[in-house]
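What you see is a predicted model; the values in this text were computed from it and never measured. Whatever order the structure lists them in is the order used to number ligands and atoms, beginning at 1.
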Amino acid sequence: MTPLDIAVKARALFTRSHVAVVVIAVVAGVGAFSAPALARPAPASASASARPAAVSPHATSSGAVAGAPDGASAAGTASAVTPNGLAATPPLGWNDWYSFGCNVSASLIEQTAKAMVTSGMKAAGYQYVNIDDCWLDSQRAADGSLQADPAKFPGGIKPVADYVHSLGLKLGIYEDVGTETCAGYPGTYGHYQQDAKTLASWGIDFIKMDWCNVPFGDFPGLTEQQVAEKLYTEFGQALKATGRPIFYSICEWDPSLQPWTWAPKIANMWRSNNDYGDTWSQVLGNLDQEAPLSGYAGPGHWNDPDILQIGRSGLTTSEDQAQMSMWSMLSAPLLAGNDLRSMTPAIRDILTNRAVIAIDQDPLGAEATRLSQQGNADVWVKRLANGDRAIMLLNRGSTPLNVSTTAKAAGLPAAGAYSVRNLWTNAVTESAGGIAASVPPNSAVLLRVAPLRGSVAGVPPLTDVAVSVPAVYPGSTYQIAGAGQTITVPATFRNDGRTAVTGARLTLTAPSGWAVSGPEPSSPALGSGGELSGTWQVTVPAGTPAGTYTLTANASYGWTGGHAGSASGDGGLQVEVPPSGSPYLDTLSWLSATNGYGPVLIDKNYYGGPLTIHGVTYAHGFWTNSPADLTFYLGGNCTSFTTDLGLDDSDAGQGAVDYKIYADGTQVFDSGVVTNSTPTVHASVSVSGDQILEIVVAEGNGTPTYGNADIAAPQLTCAS
Ligand code: GLA
């Protein structure tokens, strides 16, 4: 069967919109899972399905976590302990799905197991080699037992298990509690005992149980959540009855069923989110969804924010490193999803960083909580068994940021000094309590902080430099200037060390050709907590092309014992050209565009046809899928904005959206709820002197509707 045949089969068989994910994975094949731009059934099927919102891969509303305990106080205290005695710490391993889809085989699994050993991953603690969907033959054997696809696994599964075991590793496999797996192979429904026995007899050590093709009709009167709890409990009992210790992973991917509330007593891990792709925003999305769930995880039972995307094509190396930091803070299963046979040394080093793995594997099992979030700056803290704290300073955004907290805020006891170890650079500094770092875009700094045992002598002070490029308007996360503009840029050097630094100097540098003026501050001695600040005028030269530029401040100083020290910090500045004349927005570049499903489309609807509202066709505009958000730079050069708003005629009638327009953060227009029976809405707003225009397509009634919402003929009037 070709991948396309499988896709067609899947499409025909599945009744739930989860099929979208499977079809994409299968068709896209190796390494191409992250771009869900293929046919999305939701616009049509969401309205047809009895369970429209909850089953979509994008139905991840924050309402799904209602009733979560306060993570900060409950972390690590969940009372349920998994009965099988496994998973004292989260599992470490690998899973084939995101990189290989249905191209799984005995040779892939055996080669991967070997690579797990030769790469040093086994030595770093990785253990499980996990087979995902598509390993099965399309039919059960004559006696009703499961059998592997003979082309993919010529000797069946047992010899593969034997080989994996011979390397000192463990073998995981995939099945589904429903009648068929998500890709359409035989499910275990009606065969739980028989299948559990078969898998145990092959030597399986880990099973991932999926949630497709569940015969809800067999359970009249039960909610979906009750059916989930019942079926997963029954399969768990069947596993237990085999007598073989088998790690039990629940892949119930619909967060509205809140598996964290019922799965801890049944299984060793459960999904905290739906499937995702290898993009920074989706990695952040999974992190955010787990933020309220920390209290549910603990030794024996873990939240699962899904397989790692590290080393796949969509993330940069610093994003890969940040995901490793995030998942370790979350006490997440670390299941690599890349091709271990061909990974670069940089990826191997990220996956095998033992100091970071130790944060994930800390025996206390207290998942991190988010201490603060300010704009793009997140601070996360995790309690560790020996009393230390792991602190993650995360920059979610695309410009450099200074991110800070204190040892006290992280819950550490009062101490004369703290040792601060950077787990990616291994550098150790001492701090009197302040903790700060300049964090590059889309990156995380991961620190292990503890009261300093012994003397500070010889330990460098923790210092940092913050560059404050002004926001485009107060409260905005954008730092933007036009060519020719002069901006005022303050920078501050701070000594968080316990001892004074001497002879401190601070300078600011800009890209070559940019004028920087202002006195360079200096100080003979800066005590603990002392700061040295300066302010510079920075002129963006006329003709500077649009793009992102970096301003760097460097501090130099001396510290105890005649040592020389230095610190630097970056600030990011976007240079943009303001629009002129009367442009349609679709002819400009947006600053950002987020969409409920796939990308925002320009001048066409989801199905490729023209934008059409109530029979009127528009040559200019955007197709969005709610919720969506578009921002544009105006640079103070425009006076008014007009647009027509309404659901595209291709919307199947399920959409109920609410358009809002903001100028420099202030709401200047609200359409109210718009459905496809609402007459076309015309908006006309003043944007005089404003820097940023933002158009938001919110859900009309707060719940996901995936409205196919057009922003038609969106036009600015600007100075020429
Ligand atoms: C679902 C799961 C994925 C993967 C696929 C296989 O989408 O959530 O992790 O197992 O099924 O079909």
Could you tell me whether Glu110 and Lys114 make a salt bridge, using a distance below 4.0 angstrom between a side-chain N and a carboxylate O? no
Main chain of Gln237, side chain of Tyr192: is a donor-acceptor contact present, judged purely on distance under 3.5 Å? no
Hey, is Cys251 touching ligand 1 through its side chain, its backbone, both or neither, going by heavy atoms under 4.0 Å? side chain
If you count the atoms of ligand 1 from 1 in the order shown, which ones are under 4.0 Å from a heavy atom of Asp275? 1 (C), 2 (C), 3 (C), 7 (O), 8 (O)
So is Asp133 polar-close to ligand 1, meaning N/O to N/O under 3.5 Å? yes
Closer than 4.0 angstrom, basic N to acidic O: yes or no for Lys230 and Asp218? no
Tyr276 side chain to Ile307 backbone, donor-acceptor under 3.5 Å: yes
Side chain, backbone, both or neither: which part of Asp210 has a heavy atom under 4.0 Å from ligand 1? side chain
Ignoring angles and geometry beyond distance, decide whether Asp306 reaches within less than 3.5 Å of ligand 1 through its nitrogen or oxygen atoms. no
Ring centres under 6.0 angstrom apart (Tyr597, Trp623): no
Is a side-chain N or O of Thr181 found less than 3.5 angstrom from the main chain of Gly187, in a donor-acceptor match? no
For ligand 1 and Trp253, I'd like to know whether there is a polar contact (N/O to N/O, distance under 3.5 Å). no
Would you say Asp132 touches ligand 1, if touching means a heavy atom closer than 4.0 Å? yes
At under 4.0 Å between heavy atoms, what of Tyr174 touches ligand 1? The answer is side chain
Winner among Glu252, Met209, Glu175, Lys208 once heavy atoms are compared against atom 9 (O) of ligand 1: Lys208
Contact atoms of ligand 1, heavy-atom distance to Cys182 under 4.0 Å: 1 (C), 11 (O), 12 (O)
Looking at Lys170 and Gly93, would you say the former's side chain and the latter's main chain have a donor-acceptor pair under 3.5 Å? no
